[in-house]
Every structure is written in structure tokens, then in C-alpha cells.
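Both counts, for ligands and for their atoms, begin at 1 and track the order of listing.
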Amino acid sequence: MTNENDLEKALISQERLQERVSELGREISQAYLDRDLAVIAILKGSFIFAADLLRAMTSSVTIDFMAISSYPGQTSSGVVRIIKDLEESIAGRNVLLVEDIIDTGLTASYLLRVLKQRNPASIEICALLDKSARRIIDLPIAYRGFDIPDVFVVGYGMDYQQKYRNLPYIAVLRQKE
Ligand code: IMP
């Protein structure tokens with residue numbers, strides 16, 4: 001069983017999240033002021049971030065979802081299973097891939113490869129969190145919420161064994177000895 005005792009401390013408060021996500025939304029709206037934008041949120045981890053980000057955007061935008069899952073027993077191999085694919089075509093559209101967290105970078109770089117094959121006009125990454133110290137593949141992140149240290153975080157959509165997604169802030173998970 002997992003419970004709140006598994007959480008070490010709050011890393012990013014609800015207020016800081018709200019403030020930064022609003023800033024990102026405004027920045028993205030400015031960048032795509034006169035361009036159509038297709039936001040693609042990667043489920044499940046980015047669902048709360050994407051919902052807040054979209055509400056902070058004022059430019060014309062659509063949203064679609066892709067659900068992925070890592071192959072069991074393979075941590076950060078970058079090979080993921082697409083459980084739910086996009087409903088709309090992205091051919092000729094400006095795409096913003098919205099991720100909860102970029103760790104090694106393998107997942108996002110795999111998704112970029114898959115989506116580029118569908119001929120979007122452009123494609124950029126927006127990640128709420130960046131564990132840049134763990135990156136093993138170079139990845140251009142156009143919009144980044146916070147750079148965080150090498151700790152395992154939960155909350156604001158992110159999970160540990162499917163739990164804690166509902167925390168309104170981001171917390172560090174206690175490491176078991
Ligand atoms: P990457 O392929 O190593 O960049 O892994 C990215 C994915 O791993 C994210 O989309 C998350 O699903 C998961 N992940 C990596 N670090 C964490 C974390 O600290 N908490 C929760 N999920 C994480």
C-alpha cells in the first residue's frame with residue numbers, strides 16, 4: 001500500500017505551478033499568435049498540466065491525446081507501446097507535444113520520430129519538468145516549466161504505481177532503504 005507517508009516533501013507548490021504554467025501558456029500563445037496549433041498531450045502523466053496549460057492559452061488551439069505505456073521491465077528503453085493513438089491527422093499542422101517530465105529523453109525522442117513521420121508543418125516539445133542531469137539523448141525542449149534534480153516526483157498528474165496523480169502539487173517520493 002502507498003500512502004502520504006511515502007512522500008518526502010513538496011518540491012513545487014500549487015502556487016508556483018499555477019504561476020509557471022500560466023506564463024508558459026502566455027509564451028506559447030505569443031509564439032503561435034497567427035498560426036494554428038495542435039496540442040498533443042501524452043497520457044496519462046500530462047493530463048493535468050495540459051488542462052491548465054490550455055486554459056492559459058489565448059491563441060487558436062486544438063487538443064488531441066496519445067496514451068503510451070512502457071514495456072514492463074524495461075525502464076527508459078524509449079520503446080513505448082501506443083495504447084491510444086491520435087484521433088485527428090497532424091499533417092500540415094503545427095504540433096506541440098506536451099509531456100509531464102523528460103528524464104532520459106528516450107520516450108520523447110521516440111514520440112518525436114513517430115509524429116514526424118506524419119508530416120506536421122512543425123513540431124516542438126513542451127515539458128513541465130526537466131530532469132536534465134539524466135538526459136542520455138539530446139532533445140530540443142522549446143518550452144520548459146522547471147528544471148528539477150534527479151529525484152522521483154509524483155503529483156499534478158504524475159504517479160507512482162498509478163497513485164498520487166491527484167496531488168495538486170509536486171512532491172518527492174521517499175526512497176525505500
Ligand atoms: P524518459 O524516457 O526517461 O525521458 O522518461 C519519461 C517518462 O518516464 C515520463 O513521461 C514519466 O512517465 C516517467 N518518469 C520519469 N521520471 C519520473 C518521475 O520522477 N516521476 C514520475 N514519472 C517519471
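Contact of the Asp159 side chain with the Lys44 side chain is not registered, since no non-hydrogen atoms from C-beta on lie closer than 4.5 Å.
Considering backbone and side-chain N/O of Ile102, none are found under 3.5 Å from N/O of ligand 1. On a distance-only criterion, Thr107 and ligand 1 share at least one N/O pair closer than 3.5 Å. Residue Phe152 has no N or O atom closer than 3.5 Å to an N or O atom of ligand 1.
Side-chain contact, Ser122 with Asn94: a donor N or O sits under 3.5 Å from an acceptor N or O. Donor-acceptor pairing under 3.5 Å is lacking for the side chains of Arg144 and Ser132.
Close contacts of ligand 1 with Glu99, meaning ligand atoms under 4.0 Å from a residue heavy atom, involve 10 (O). Close approach of ligand 1 to Asp100 (heavy-atom distance below 4.0 Å) involves ligand atoms 9 (C), 10 (O), 11 (C), 12 (O). Remark: ligand 1 atoms within the under-4.0 Å shell around heavy atoms of Lys131 are 16 (N), 17 (C), 18 (C), 19 (O). Each of the atoms 19 (O) of ligand 1 lies under 4.0 Å from some heavy atom of Val151.
At a 4.0 Å heavy-atom cut-off, ligand 1 does not touch Arg134 at all. With a heavy-atom cut-off of 4.0 Å, Asp159 touches ligand 1 through its backbone alone.
Heavy atoms of Gly105 come nearer than 4.0 angstrom to ligand 1 in at least one pair. Proximity of Leu129 to ligand 1 is not established, as no heavy-atom distance is less than 4.0 Å.
In this structure, Glu15 has no salt bridge (charged side-chain N to carboxylate O under 4.0 Å, His left out) partners at least two apart in sequence or on a different chain. Contacts of Lys116 classified as salt bridge (charged side-chain N to carboxylate O under 4.0 Å, His left out), with partners at least two apart in sequence or in another chain: none.
For Asp150, the CG atom is densely surrounded, since the number of other residues' heavy atoms within 6.0 Å is greater than 12.
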inquiry  = Set out, in order, the CA-CA distance, both residues' side-chain angles and the distance that settles side chain to side chain contact (heavy atoms under 4.5 Å, CB included) for Tyr156 and Asp52, then state yes or no.
reply    = CA-CA 10 Å; Tyr156 200 64; Asp52 283 348; 2.7 Å; yes
Checking Arg118 against Asp85 for the salt bridge (charged side-chain N to carboxylate O under 4.0 Å, His left out) test, could you report, in this order, the C-alpha distance in whole Å, the side-chain angles of both residues, the deciding distance, and whether it holds? CA-CA 12 Å; Arg118 301 181 186 185; Asp85 208 336; 3.0 Å; yes
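If you check each of Ile136, Ile68, Ile101 against atom 14 (N) of ligand 1, the one with the closest non-hydrogen atom is Ile101. When Thr104, Leu173, Ile148 are ranked by how near their heavy atoms come to atom 1 (P) of ligand 1, first place goes to Thr104.
A salt bridge links Arg20 to Glu23: at least one charged side-chain nitrogen sits closer than 4.0 Å to a carboxylate oxygen.
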